[in-house]
Amino acid sequence: MRVQIIGKGRVGYSLYLFLKDRGFDVEIFSRREGGRILEDGDILFFAVKDREIREVAENFSNLNFSVFCHLSGALSSDILPTKKERASFHPLQAFSRADPKLWEGITVIAEGTEGALNVLEEFSESLSLKMKKIQKDKKVIYHAAAVMLSNLIYVPLLGAERLFSEIGIDREDYGKLLRTSVENFLNYGKGGITGPIFRGDWETVELHKKNLKGIEGEIYTKLSELLVKLL
C-alpha cells in the first residue's frame, strides 16, 4: 500500500516508522519541517491536532488517495471532505514517545464510509493490528473512556508517588504492587479489588483520611467515595 502521513507528532511519526519498518511505500510531511508529499496512493492519514484536522484536510483535498483518514479519538470521519471515502482510525494506545513498537499488535478503533473501512481492514490485517468498528456517534464516549484509562489514571498514581517519596519509597519498591493491581483488573475486573473498602474496614479508611492533607487527601477521599458507588 502507498501511504501519506500529514503531521509529525508522536502518533504520526511512530506510525511512519512502523510502516517504514514493514516495507510500506510511505511518506510523512509536517508544516514546520516539510517533507515529501505523494500525489496519489491508498491512504492519506491526518495526524494533526483535533482543531486543525478540518482545515488541513481541506488544504490537501486535491490529492488523489483512495481513503482520507484522521487519527483523532474524539472526532468522527464527518470532519473530513464529504466527497472522499473517509474514516477515523484511532490507536488504542498511549504514545509517550514516537516509538514504532507501540503499534505492534494493538487494537485500533475505526468508523467511516464502507469503502474506507474495507481498505483500512486490509491495511490492519497486513500489519497484525486488531481493527474494531464502532458507530460514529459513540466516538466521544469511547475516547473519554480511553482518556480515563491513559490520562486520568495518573491522578492516583501521582498522588501516591508524592506520598511514597516523602518516606523514601520509590517506584522500584512499589512497582510490583502497581503491576499486580493492573493484572488483577485485567484478569478479574471488579473481582480483583482488594483493600479496606472492599473488606468494609471503615475505621481504617477514616484513619487514612484524617492523616492525609492537601491534594492527596482530596484524591483519597473522592476516589474512595467513587469506588463505593461503583461497587
Side-chain angles (χ1 to χ4, degrees), residues 1-53 56-57 60 63 65-77 79-80 85-112 116-134 139 142-143 145-154 157 171 175 178-179 182-183 186:
M1 281 189 172
R2 204 161 190 236
V3 176
Q4 175 75 54
I5 300 170
I6 306 295
K8 205 173 181 180
R10 294 171 184 171
V11 179
Y13 192 57
S14 63
L15 177 59
Y16 168 75
L17 295 174
F18 181 60
L19 297 181
K20 200 77 172 173
D21 287 348
R22 281 150 183 77
F24 274 64
D25 181 3
V26 57
E27 296 291 342
I28 190 167
F29 173 86
S30 80
R31 288 176 290 179
R32 287 191 298 271
E33 299 179 30
R36 184 182 173 206
I37 297 179
L38 302 172
E39 293 296 323
D40 54 48
D42 297 292
I43 307 173
L44 175 57
F45 284 111
F46 297 100
V48 298
K49 295 176 181 178
D50 285 11
R51 65 177 180 270
E52 299 174 352
I53 293 173
V56 173
F60 288 94
L63 298 182
F65 280 80
S66 300
V67 174
F68 274 44
C69 183
H70 69 67
L71 301 177
S72 167
L75 301 179
S76 78
S77 56
I79 201 169
L80 296 172
E85 291 287 349
R86 60 197 185 279
S88 63
F89 189 77
H90 184 256
L92 194 49
Q93 175 65 290
F95 290 88
S96 61
R97 59 199 184 282
D99 185 348
K101 292 181 180 179
L102 293 172
W103 282 88
E104 294 178 356
I106 64 172
T107 294
V108 182
I109 306 302
E111 59 76 32
L117 291 176
N118 288 339
V119 172
L120 288 170
E121 204 152 33
E122 180 184 346
F123 172 78
S124 299
E125 287 175 2
S126 71
L127 294 165
S128 298
L129 303 176
K130 181 180 179 182
M131 188 179 106
K132 297 199 78 170
K133 303 174 191 176
I134 65 171
K139 280 213 69 182
Y142 151 75
H143 193 241
V147 168
M148 284 185 192
L149 203 60
S150 60
N151 300 158
L152 300 187
I153 195 172
Y154 270 78
L157 294 180
R171 289 181 206 152
L178 178 57
R179 292 185 181 92
V182 172
E183 286 298 322
L186 292 176

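Note: Ser150 OG to Ile153 CD1 = 9.0 Å, rounded to the nearest 0.5 Å. Note that CG of Leu127 and CZ of Phe18 are 4.5 Å apart. Values are rounded to the nearest 0.5 Å. Between atom CD of residue Glu122 and atom CG of residue Leu120 there is a gap of 10.0 Å, rounded to the nearest 0.5 Å. Atom CG of Leu80 is separated from atom SG of Cys69 by 7.5 Å, given to the nearest 0.5 angstrom. Note: Lys132 NZ to Ser124 OG = 13.5 Å, rounded to the nearest 0.5 Å. Annotation: the span from Leu17 atom CG to Lys20 atom NZ amounts to 9.5 Å, rounded to 0.5 Å.
Contact check for Phe45 versus Ile6: no side-chain heavy atoms found under the 4.5 Å cut-off. A 4.5 Å side-chain heavy-atom check between Leu157 and Leu178 finds at least one atom pair inside the cut-off. Looking at Val119 and Met1, their side chains come closer than 4.5 Å, going by heavy atoms from C-beta outward. Counting only heavy atoms from C-beta outward, the side chains of Leu19 and Phe123 approach each other to under 4.5 Å. A 4.5 Å side-chain heavy-atom check between Val67 and Phe65 finds every atom pair outside the cut-off. In this structure, His90 and Tyr142 have side chains that are in contact, with non-hydrogen atoms separated by less than 4.5 Å. Met131 has its side chain within reach of Leu117: a pair of non-hydrogen atoms, C-beta onward, lies under 4.5 Å apart. Taking the side chain as every heavy atom from C-beta outward, His70 and Leu75 approach each other to under 4.5 Å.
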Margin query: Quick one, Phe89 with Leu71, criterion side chain to side chain contact (heavy atoms under 4.5 Å, CB included). Give me CA distance, side-chain angles, the key distance, then yes/no.
Written below: CA-CA 5 Å; Phe89 189 77; Leu71 301 177; 4.1 Å; yes
Does Leu63 form a side chain to side chain contact (heavy atoms under 4.5 Å, CB included) with Leu38? I'd like the steps, not just the answer.
CA-CA 8 Å; Leu63 298 182; Leu38 302 172; over 6 Å; no
Query - Evaluation steps, side chain to side chain contact (heavy atoms under 4.5 Å, CB included), between Arg32 and Lys8 - result: CA-CA 9 Å; Arg32 287 191 298 271; Lys8 205 173 181 180; over 6 Å; no
- Query: Do Tyr13 and Ser30 pass the side chain to side chain contact (heavy atoms under 4.5 Å, CB included) test, and can you show the C-alpha distance, the side-chain angles, and the key distance before you say yes or no?
  - Reply: CA-CA 10 Å; Tyr13 192 57; Ser30 80; over 6 Å; no
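When atom types are taken as modelled, the side chain of Arg2 and the backbone of Asp40 share a donor-acceptor pair closer than 3.5 angstrom.
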Validation: residues 91-107 side-chain donor-acceptor distances under 3.5 Å, sequence neighbours left out:
{"residue": "Gln93", "atom": "NE2", "partner": "Leu102", "partner atom": "O", "Å": "2.9"}
{"residue": "Asp99", "atom": "OD1", "partner": "Lys101", "partner atom": "N", "Å": "2.9"}
{"residue": "Trp103", "atom": "NE1", "partner": "Ser14", "partner atom": "OG", "Å": "2.9"}

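For Arg171, the CZ atom sits in a loose shell: 12 or fewer heavy atoms of surrounding residues, nucleotides or ligands are nearer than 6.0 Å.
Looking only at atom types and distance, the side chain of Ser77 has a donor-acceptor partner in the side chain of Glu111 under 3.5 Å away.
The shortest non-hydrogen separation linking Ile5 to Gly12 is CD1-O, 3.8 Å.
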